[in-house]
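Everything below concerns the one structure shown next.
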Number of protein chains: 2
Amino acid sequence: MTRYSGFVQVADTAMHPPFAVTVDLVVLTVRDGCLQALVVERGAEPYSGRLALPGGFVRPDENLVSAATRELAEETGISRSAGHLEQLATYGEPDRDPRMRVVSVAYLALAPDLPEPVAGTDAAASRFLPIEPLLRRRGQLAFDHGTILADGIERARSKLEYSALATAFCPKEFTVAELRAVYEAVWGDELDPRNFHRKLTSTPGFLTATGETTTRGGGRPAQLYTRGTTTLLNPPILRG
Amino acid sequence: MTRYSGFVQVADTAMHPPFAVTVDLVVLTVRDGCLQALVVERGAEPYSGRLALPGGFVRPDENLVSAATRELAEETGISRSAGHLEQLATYGEPDRDPRMRVVSVAYLALAPDLPEPVAGTDAAASRFLPIEPLLRRRGQLAFDHGTILADGIERARSKLEYSALATAFCPKEFTVAELRAVYEAVWGDELDPRNFHRKLTSTPGFLTATGETTTRGGGRPAQLYTRGTTTLLNPPILRG
DNA sequence: CCAAAAGTGTTTGATTTACACCCATGG
DNA sequence: CCATGGGTGTAAATCAAACACTTTTGG
């Protein structure tokens with residue numbers, strides 16, 4: 001099988017081996033009290049029928065973030081403005097795709113719980129699944145996507161500890177208890193509601209009170225907040 | 001100017017735009033009490049005569065770490081075993097190289113202070129320069145290497161805070177004072193020698209005493225240590 | 001009024017900081 | 001014996017965990 005047919009010819013006459021470049025996405029959300037990841041079922045060879053991460057080829061005149069943003073919108077309907085998007089890592093083992101030499105730039109996206117992937121688009125084939133079974137069977141995922149998924153989850157967990165990233169899983173306005181539920185879902189640990197509340201509200205610039213309250217959790221009305229300007233949390237929520 | 005002459009033809013008949021893939025290296029060391037970065041002077045267009053980061057094309061059957069390791073050895077004589085090497089980020093703006101579409105995977109390397117780059121090799125053209133002037137004139141660097149360098153330094157600083165990475169700047173055996181000098185060089189801050197000593201020696205598994213002592217710092221002989229097995233430091237050296 | 005969740009105050013123990021002090025060497 | 005840096009002890013200040021207690025809603 002011909003892996004690729006030639007070399008890229010550039011103007012200075014040097015010859016460089018050609019690569020295809022893709023972006024792959026680890027999209028995480030918190031749903032039903034647990035951390036879930038977005039997967040698609042592959043419809044074509046190789047790995048037809050297997051679960052894979054959403055992603056696709058980078059276009060000739062598109063930068064990497066744009067490609068990731070575009071794929072995210074195409075496959076989930078999530079716009080860049082909600083949630084959070086950051087580069088994760090790049091994967092380039094020569095045999096990671098049996099067809100040809102593909103280097104994949106992986107992105108990590110954190111999104112609030114959405115109604116459902118938008119039907120009638122590519123997103124129809126995509127769905128959120130709890131990460132525990134996915135990680136246990138990571139070898140079943142297409143390509144090296146099991147590794148990419150594990151790396152993305154590890155990154156998300158470690159960044160949540162000492163940054164305001166958890167708010168990316170919440171809707172625009174949220175209560176302290178909703179934010180706490182995110183932390184508890186990500187680690188499985190229980191946190192003391194009272195100390196958690198004090199810690200976050202006493203960090204200046206971390207949360208911005210809207211002045212509105214809600215009773216959607218039951219009980220006494222809770223203050224609604226939006227993300228503040230401070231992104232770093234020092235010391236972190238969980239201590240090792 | 002022809003940016004590239006064609007498309008990569010793969011066996012399944014799909015056509016994908018061809019990219020060249022390179023690795024670029026941010027190599028840091030502590031020398032003369034300050035953080036320094038390895039740069040080379042470019043000998044060819046584009047950016048001839050400008051300072052650039054060491055790096056080069058990824059070969060057809062080579063993975064990304066191997067390419068980074070190879071370039072590091074070729075340009076500095078540093079072997080993988082000394083120091084530390086990790087992936088930093090990937091840069092893929094369509095116009096970052098005027099010749100063609102190049103995606104560059106950047107690696108961050110931390111190395112102990114070496115005698116000198118090995119002469120008679122590619123390394124002859126490379127040298128360590130203090131990071132302050134380089135960062136001030138980051139716009140002068142070839143391609144987007146100013147951005148890559150800044151990202152690498154930021155990553156190194158933030159990882160040093162809460163991990164054992166600082167030992168990568170030290171020779172195999174080192175004293176607590178030598179390790180403290182690394183932290184002081186990286187941030188410019190002064191740290192209390194006594195509390196610093198207590199903190200590191202009381203973290204189990206962080207440092208391994210060799211039993212040997214040295215008087216190379218003057219004064220009372222200091223215990224020599226090697227890196228321990230524990231990589232994480234919690235809480236970190238510097239508090240925000 | 002009761003249950004449920006939000007939010008505050010206070011106690012206790014751990015951690016950090018600052019700095020006094022002793023130790024072991026070279027000159 | 002003195003200067004130099006290595007290393008230990010300790011008290012005061014700060015911070016975090018645990019939990020009793022008050023507040024404000026819905027039913």
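Numbered from 1 within each chain, the chains take letters A, B, ... in sequence-line order.
Applying the ring pair (Phe, Tyr, Trp, His ring centres under 6.0 Å) criterion to Phe143(B), with sequence neighbours excluded, gives Tyr47(B), His145(B). The side-chain contact (heavy atoms from CB on, under 4.5 Å) search around Pro130(A) returns Cys34(A), Gln36(A), Pro133(A), not counting sequence neighbours. When the side-chain contact (heavy atoms from CB on, under 4.5 Å) test is applied to Thr203(A), the partners found at least two apart in sequence or on another chain are Phe206(A), Leu233(A). Considering only residues two or more places apart in sequence or on other chains, Glu154(B) meets the salt bridge (Lys or Arg N to Asp or Glu O under 4.0 Å) condition with none of them. Scanning for side-chain hydrogen bond (donor to acceptor under 3.5 Å, both in side chains) contacts around Arg198(B) gives Asn195(B), with sequence neighbours left out. Listed by chain and residue number, Asp24(A), Phe57(A), Val102(A), Ser104(A) satisfy the side-chain contact (heavy atoms from CB on, under 4.5 Å) test with Thr22(A) (two or more places apart in sequence, or in another chain). Scored by the side-chain hydrogen bond (donor to acceptor under 3.5 Å, both in side chains) test, Ser79(A) finds Ser81(A) as partners (sequence neighbours excluded). Qualifying side-chain contact (heavy atoms from CB on, under 4.5 Å) partners for Ala185(A), counting only residues two or more places apart in sequence or in other chains: Val30(A).
End-to-end axis angle of the helix from dC1(C)-dG27(D) to dG27(C)-dC1(D), using five pairs per end and rounding to 10°, comes to 0°.
Between Gln223(A) atom CD and dT23(D) atom C1' there is a gap of 14 Å when expressed in whole angstrom units. Note: CD (Glu184(B)) to C1' (dG5(D)) measures 13 Å, nearest angstrom. The CG-C1' distance, from Asp192(B) to dG7(D), rounds to 12 Å in whole Å. Nucleotide dG5(D) holds its C1' atom 15 Å from the CZ atom of Phe196(B), rounded to whole Å. The distance between atom CG of Leu191(B) and atom P of dA18(C), rounded to the nearest whole Å, is 11 Å. Distance CG (Leu200(A)) to P (dG7(C)): 12 Å, rounded to an integer number of Å. Counting to the nearest Å, the P atom of dG9(C) and the CG atom of Asn195(A) are 14 Å from each other. Rounded to whole angstrom, the span from the CG atom of Leu207(A) across to the C1' atom of dA6(C) amounts to 15 Å.
For Arg194(B), whose side chain is taken as the heavy atoms from C-beta onward, the closest listed nucleotide among dG7(D), dG7(C), dA18(C) is dG7(D). Listed nucleotides: dT10(D), dA17(D), dG7(D). Nearest to the side chain of Arg198(B): dT10(D).
A 4.5 Å side-chain heavy-atom check between Leu224(B) and Arg216(B) finds at least one atom pair inside the cut-off.
Using a 3.5 Å distance cut-off with no hydrogens or angles, the side chains of Asn63(A) and Ser66(A) do pair a donor with an acceptor.
For dG6(D), the OP1/OP2 oxygens have no side-chain nitrogen or oxygen of His197(B) closer than 4.0 Å.
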Distances for protein N or O near nucleotides 24-27 of chain D N or O, under 3.5 Å:
residue : atom : partner   : partner atom : Å
dT24(D) : O2   : Arg220(A) : N            : 3.3

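Residues of residues 165-182 of chain B having a heavy atom closer than 4.0 Å to DNA chain D, listed by number: Ala177(B), Arg180(B).
Annotation: side chain to side chain donor-acceptor pair (under 3.5 Å) contacts involving residues 133-143 of chain B, sequence neighbours excluded, are absent.
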